[in-house]
Number of protein chains: 2
Amino acid sequence: MKEDSKPYKWPSRTDSLGYMVNWAARLFAREMDEALRPFGLMSGQLPVIFALADGKTRSQRELVNLAAVEQSTMAKTLSRMERDGLIERKPDPNDRRSTTISLSPLMSVRLPEVAAAVAVINARSHTHLSEEEGERLLDLLHWAIKGLAERP
Amino acid sequence: MKEDSKPYKWPSRTDSLGYMVNWAARLFAREMDEALRPFGLMSGQLPVIFALADGKTRSQRELVNLAAVEQSTMAKTLSRMERDGLIERKPDPNDRRSTTISLSPLMSVRLPEVAAAVAVINARSHTHLSEEEGERLLDLLHWAIKGLAERP
DNA sequence: GTCTTTTACATAGCAAGCCATGAAAGAAGA
DNA sequence: TCTTCTTTCATGGCTTGCTATGTAAAAGAC
């Protein structure tokens, strides 16, 4: 990628939290996508996979709450994951509107490898951060999110 | 939005930097989109607008470097912005492959209002952060990005 | 036991990311 | 000059987000 060859310059837009957070998120997604490609996965599916990693079934609504995305986003993501054989959906016997969702057997088997691949990228993001700095970053992000999420 | 009415619970996925950064980025984009709607703008156009805010013209390549997105992403964003009358493109007399891009007069006039709307959202993200904490967050994000961007 | 409201999903349509490919112009080498 | 390499941009195809809307089932009100 020659176009990105200039190393680093940090102009004023890097003082904008919105810009930096967006940039970091895109880098994460890009690296995750690359690391997950061998498994036929993409970054947007990770919240679902880890929400189902304990082997239990969850409703679509539960997954929406866990992933903090809109219901329509989750619906489409789950459709693709079912299409690709990553999850299975069975009708909920207690509620005919709902389905119960679980990992496919194949995906369950591969879970440890997937978790390892994810851990590698997460470690990359912490290359220049000490353990305390990593925790501090998470904590500060928590507060920024809280400020954005509570509508005044 | 009744679906989000449960206040907060912070399970283990909130200990993942990738998850938290993605969440923060989506919240930023959502709030920015809402705040920018009166101006016919969306969050993805902000890097372009602020890169051109000084009134000078820039090439598409320069905008790609400033926004840190792929060239194809910028191409499509600029097409939409031109379609919506936000920017103007003129052929570059020195290089027939390239065009020079500048804000439309209308957009230039509205720039202060846009900047004010953006500042409101940024302030919201800092509600629970002191000035030092805000700077610390930017600094830590800087290092996380650096770790992700340098391919080993 | 109806009627109304709420809840669970699906679908359509758009923006903004990405990758991969291709066309055309400029730059460089032989 | 002519050929090759590099750079600039456009396009197609995909995912992941969002809003808005619609449908069907469940839950509540009376």
Side-chain angles (χ1 to χ4, degrees), chain A residues 1-5 22-37 40-48 58-65 67-84 86 89 91-101, chain B residues 1-6 18-19 22-34 36-37 40-48 58-65 67-84 86 89 91-101:
Chain A
M1 202 167 287
K2 280 153 205 141
E3 307 180 343
D4 286 340
S5 55
N22 175 274
W23 190 5
R26 286 186 290 108
L27 278 174
F28 260 111
R30 202 170 75 167
E31 299 301 312
M32 285 289 179
D33 282 348
E34 182 175 334
L36 295 174
R37 197 165 305 146
L41 296 177
M42 298 202 69
S43 56
Q45 307 169 336
L46 281 180
V48 175
R58 306 241 184 285
S59 72
Q60 181 167 317
R61 166 120 309 268
E62 289 176 288
L63 294 177
V64 162
N65 290 333
V69 297
E70 289 300 317
Q71 167 268 320
S72 57
T73 299
M74 184 55 70
K76 268 197 278 195
T77 296
L78 291 177
S79 291
R80 284 187 293 263
M81 292 180 75
E82 187 177 31
R83 176 199 67 191
D84 297 343
L86 305 174
R89 297 164 115 158
D92 182 337
N94 302 322
D95 188 336
R96 270 185 299 165
R97 296 169 299 179
S98 183
T99 61
T100 64
I101 298 157
Chain B
M1 201 167 293
K2 280 153 211 144
E3 306 181 346
D4 286 339
S5 55
K6 302 175 193 167
Y19 178 82
N22 174 275
W23 189 5
R26 287 186 291 110
L27 278 174
F28 259 112
R30 202 170 76 166
E31 298 301 311
M32 285 289 181
D33 283 347
E34 181 175 334
L36 294 174
R37 197 167 304 148
L41 295 177
M42 299 202 69
S43 56
Q45 306 169 336
L46 282 179
V48 174
R58 307 241 185 282
S59 71
Q60 181 167 316
R61 167 120 307 268
E62 289 176 288
L63 294 176
V64 163
N65 290 334
V69 296
E70 288 300 315
Q71 169 267 322
S72 57
T73 299
M74 183 57 69
K76 270 196 276 194
T77 295
L78 291 177
S79 291
R80 283 189 292 262
M81 293 181 76
E82 187 178 30
R83 176 200 67 190
D84 298 341
L86 305 174
R89 296 163 115 159
D92 183 336
N94 302 323
D95 187 337
R96 272 185 298 165
R97 295 170 300 179
S98 185
T99 62
T100 65
I101 297 157

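A, B, ... follow the sequence lines: proteins, then strands. Residue 1 opens every chain.
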Would you indicate, yes or no, if dA24(D) has its OP1 or OP2 atom less than 4.0 angstrom from a side-chain nitrogen or oxygen of Arg97(A)?
no
Using side chain to side chain contact (heavy atoms under 4.5 Å, CB included) as the criterion, list what pairs up with Ser59(A), not counting sequence neighbours.
Arg61(A), Glu62(A), Ser98(A)
Who passes side chain to side chain contact (heavy atoms under 4.5 Å, CB included) against Ala29(B), sequence neighbours left out?
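If we apply the side chain to side chain contact (heavy atoms under 4.5 Å, CB included) test to Ala29(B), skipping adjacent residues, the hits are Ser43(B).
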Could you work out, with side-chain hydrogen bond (donor to acceptor under 3.5 Å, both in side chains) as the rule, every residue matching Asp92(A), not counting sequence neighbours?
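Asp92(A) satisfies side-chain hydrogen bond (donor to acceptor under 3.5 Å, both in side chains) with no residue once adjacent residues are dropped.
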Who passes side-chain hydrogen bond (donor to acceptor under 3.5 Å, both in side chains) against Arg89(A), sequence neighbours left out?
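For Arg89(A) the side-chain hydrogen bond (donor to acceptor under 3.5 Å, both in side chains) partners, ignoring immediate neighbours, are Gln60(A), Glu82(A).
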Between the base of dA8(C) and the side chain of Gln71(A), is one N or O donor paired with an acceptor at under 3.5 angstrom?
no
By nearest nucleotide on DNA chain D, pick out whichever of Ser79(B) and Gly44(A) is the more 5' one.
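Upstream on the strand: Ser79(B).
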Counting any heavy atom closer than 4.0 Å, what does Asp95(A) reach on the DNA or RNA strands: base, sugar-phosphate only, or nothing?
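Contact class for Asp95(A): sugar-phosphate only.
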Using a 4.0 Å heavy-atom cut-off across all strands, classify Arg37(A) as base, sugar-phosphate, or nothing.
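The residue Arg37(A) makes no contact with any strand.
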Listed pairs, N/O of protein and of nucleotides 12-14 of chain D, under 3.5 Å:
from: dG13(D); atom 1: O6; to: Lys76(B); atom 2: NZ; distance (Å): 2.7

Let me know the distance between [atom1] of [X] and [atom2] of [N], rounded to the nearest Å.
X: Met42(A); N: dG17(C); atom1: CE; atom2: C1'; result: 10 Å
X: Arg96(A); N: dA24(D); atom1: CZ; atom2: C1'; result: 9 Å
X: Phe28(B); N: dA15(C); atom1: CZ; atom2: C1'; result: 19 Å
X: Met74(A); N: dT16(D); atom1: CE; atom2: P; result: 10 Å
X: Asp92(A); N: dT7(C); atom1: CG; atom2: P; result: 17 Å
X: Arg26(B); N: dA15(C); atom1: CZ; atom2: C1'; result: 15 Å

Five-pair end axes of the helix from dG1(C)-dC30(D) to dA30(C)-dT1(D) and the angle they enclose, rounded to 10°
10°
Proximal nucleotide (of dG17(D), dT11(C), dT8(D)) relative to the Ala75(A) side chain
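Selected nucleotide (nearest to the side chain): dT11(C).
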Of the options dC9(D), dC9(C), dA16(C), whose atoms approach the side-chain atoms of Arg61(B) most closely?
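Comparing dC9(D), dC9(C), dA16(C) against the side chain of Arg61(B), the answer is dC9(D).
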